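Not measured: the values here are computed from a predicted model.
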Amino acid sequence: MKMPLAAAALEVIQHLSVTIGGRGSCTPQERAAAEYTAERMQHLGLRDVRLEPFQTTPHTYTPFLAAFGAGILGFALTALVPHPAATLTGAALALAGGLGMLAELDLRPNWLRALLPTAPSQNAVGILPSAAQPLARRAVICAHVDTHRTPIFYSSLAWYRWFSRLVSAAVGSLFLSALLCLLSGLLGAAWLLWPAGVLAALQLTAAGLCAQALFTPFSPGASDNASGVGVALSLAEHLSRQPLEHTELWWAFTGCEEVGARGFQAFLETHAQSFGTETLYLILDEVGQGRVEYLQRDGLVKKYPTHPRALALAQSAAAALPDIEAAPQVGLAYTDALAATQRGAMALSLNTYQPPMHDADLHWHQMSDQMDHIDPAALERCTQFALRVLHTWDQATPLPPNKGDPP
C-alpha cells in the first residue's frame, strides 16, 4: 500500500502543538520549535542546516498601542495646552500615529517599531541540492513556527468583524483627529475639539483591546501553523529521496510571522539578492483542514497581486490535479509570501480553507486550535499540490538572467 506523502506531518503537529505548545514570537518555545525543525532537517540529510538569528519587536499589538497612544496624546495636548506650539505638536502626533499604522499594517518599516524594544528570534534553514548540474533555478519552501495570542476579538465571528471595523475606523480617525486639532488652533474654533474627543475615545477603545491581547496565552497553533511545518517537512522527506532534477531546494522555518512576517523579511534580507529572479518562494500557512487554496492576492489592508509566474504554477497544478479541487482565493490577512511579493519576487501562498459557519468552528488564533481539528486528508491534499507545483517549476524554462543576477 502506498504511503501517504504527508504521513509524517501528524507527528510534527503533535510535537509542536502539544509537546511544545504555544510558541509566541521571540519566546523560548518558538526557539524550541526552530531547533526541532533543524533536527528534523538534519535527520533527513539536508545540508548546511543552521539557525539564522535576527532581532525584532516581539509583540503584535505594541505598535498599535504606540500609534493610538500618539493620537490620544496629541488630542490631550491640543485640548489642555492652549498654545500654537501645542496645537501643532498634537496634530503632528496624531498624523504620525496614522502614518505609522498604515506602514505597520502593510508590513513596512516605520517609526513605531524603531522606538519599541526588540528581542532575538531565529529562522531554521536547510538546503537540498538538485540532482543535476548546473543549477537552473531554486525554490524556497517556507512555514512559520510561531503562534498568535488569543485575544477576545478572535473568540467569535461577531467579535472579529467588529474589531476589524474598529481598527479600520481608529486608523482613519488618527488622520481626521490631526486635521481637527490643527484647525481648532488655526481658526480658534475650540468646538472642533469635541469631535476630536470622540475620535480619541475611539482610539482609546481600540488601544484597550490591543492591550488586552498582550495578556492572553499563545495558541497551541495546530493548524496555524504546525500544519504548514508538518507539510513542509513531509516534502523534505519525499524530496530528499527523490530530488528535483534542476532545482536547488531550501527550507525556511521562520519565526515572528505573527508580528508582521519579520522572520521571512530577515531571510529575504540575507538571501534574496544572491538568489536572483529564478527563485520560487512557496509558503505553507494553515493547511490543517478544508480545501486547498492558493492566494491570488495577499495583504492585510492593501492586497498585493501574486506574481503572474507563481500564479501560473498554481493554476497548472490545479489543472493537473482536478480531484484536489484547488481554488484561488484572496487572502484574509497576510502570509509570509507578502514580504516576497512586495519585492517583486515569485511567491505563492498555499492554505486550506474551511469557512467557519458557527463560533464553535472558529479556531484561528484560539486555544481550540488543537490536534483534534486537524484533517489528515487536508494535509495530504496540500502536500500533493505543493509537490506538483515544485515539479512544474523544476521543468520550467528559465528566463535569461538580469544584469544584476549572479552568474
Got [X] and [Y] here, is their nearest side-chain heavy-atom distance under 4.5 Å?
| X | Y | result |
| --- | --- | --- |
| R31 | L51 | yes |
| F175 | L102 | yes |
| R343 | L268 | yes |
| R297 | K302 | no |
| E257 | V145 | no |
| L348 | Y294 | yes |
| L233 | V229 | yes |
| S223 | H363 | no |

Exercise. Given L180, which of T78, V198, L199 fulfils the side-chain contact (heavy atoms from CB on, under 4.5 Å) condition?
Worked result: L199
From [X] atom [atom1] to [Y] atom [atom2], the distance as rounded to the nearest 0.5 Å:
| X | Y | atom1 | atom2 | answer |
| --- | --- | --- | --- | --- |
| N225 | F253 | CG | CZ | 10.0 Å |
| L187 | L192 | CG | CG | 7.0 Å |
| Q395 | T247 | CD | OG1 | 8.0 Å |
| Q366 | S156 | CD | OG | 8.5 Å |
| T147 | I20 | OG1 | CD1 | 10.5 Å |
| L209 | L214 | CG | CG | 11.5 Å |

State whether the side chain of [X] and the backbone N or O of [Y] hold a donor-acceptor pair below 3.5 Å, judged by distance alone.
| X | Y | value |
| --- | --- | --- |
| D375 | G288 | no |
| D106 | R108 | no |
| T87 | G185 | no |
| S177 | L174 | no |
| N110 | R113 | yes |
| W251 | A143 | no |
| S168 | S164 | yes |
| Q212 | I152 | yes |
| T352 | A378 | no |
| W111 | A96 | yes |

Ion pair present between [X] and [Y], side-chain N to carboxylate O less than 4.0 angstrom?
| X | Y | answer |
| --- | --- | --- |
| E325 | R291 | no |
| E245 | R137 | no |
| E258 | R23 | no |
| E278 | R309 | yes |

Problem set entry | Ring geometry between H365 and H148 (parallel below 30°, tilted from 30 to 60°, perpendicular above 60°) | parallel
Exercise. Using 30° and 60° as the class limits, which term best fits the ring planes of W364 and Y154: parallel, tilted or perpendicular?
Worked result: perpendicular
For this session: Determine the minimum heavy-atom distance between S17 and M371, stating which atoms define it.
Result: OG-CG, 3.7 Å
Exercise. Residues two or more places apart in sequence or in another chain: which of them pass salt bridge (charged side-chain N to carboxylate O under 4.0 Å, His left out) with R50?
Worked result: D48, E52
Exercise. Of the options H15, E11, E237, which is the one that meets R40 in a side chain to side chain donor-acceptor pair (under 3.5 Å)?
Worked result: E11
For this session: Please say which of D298, D285, N351, T341 ends up in a side chain to side chain donor-acceptor pair (under 3.5 Å) with T335.
Result: D298
For residues [X] and [Y], establish whether the separation of their ring centroids is below 6.0 Å.
| X | Y | value |
| --- | --- | --- |
| F75 | F68 | no |
| W162 | W159 | yes |
| F64 | Y61 | yes |
| Y281 | H271 | no |

Problem set entry | Verdict with reasoning, S219 to R149, per side-chain contact (heavy atoms from CB on, under 4.5 Å) | CA-CA 6 Å; S219 168; R149 289 190 181 273; over 6 Å; no
Problem set entry | side chain to side chain donor-acceptor pair (under 3.5 Å) between Q384 and E380, worked out | CA-CA 6 Å; Q384 290 181 13; E380 182 66 18; 3.1 Å; yes
For this session: Go through F218 and D146 one step at a time and tell me if the side-chain contact (heavy atoms from CB on, under 4.5 Å) criterion holds.
Result: CA-CA 9 Å; F218 294 103; D146 60 318; over 6 Å; no
Exercise. For Y160 and F153, what are the C-alpha separation, side-chain angles and deciding distance, and is it a side-chain contact (heavy atoms from CB on, under 4.5 Å)?
Worked result: CA-CA 5 Å; Y160 176 70; F153 46 81; 5.6 Å; no
For this session: Show your working on side-chain contact (heavy atoms from CB on, under 4.5 Å) between N123 and T254 and close with a plain yes or no.
Result: CA-CA 4 Å; N123 299 322; T254 57; 3.5 Å; yes
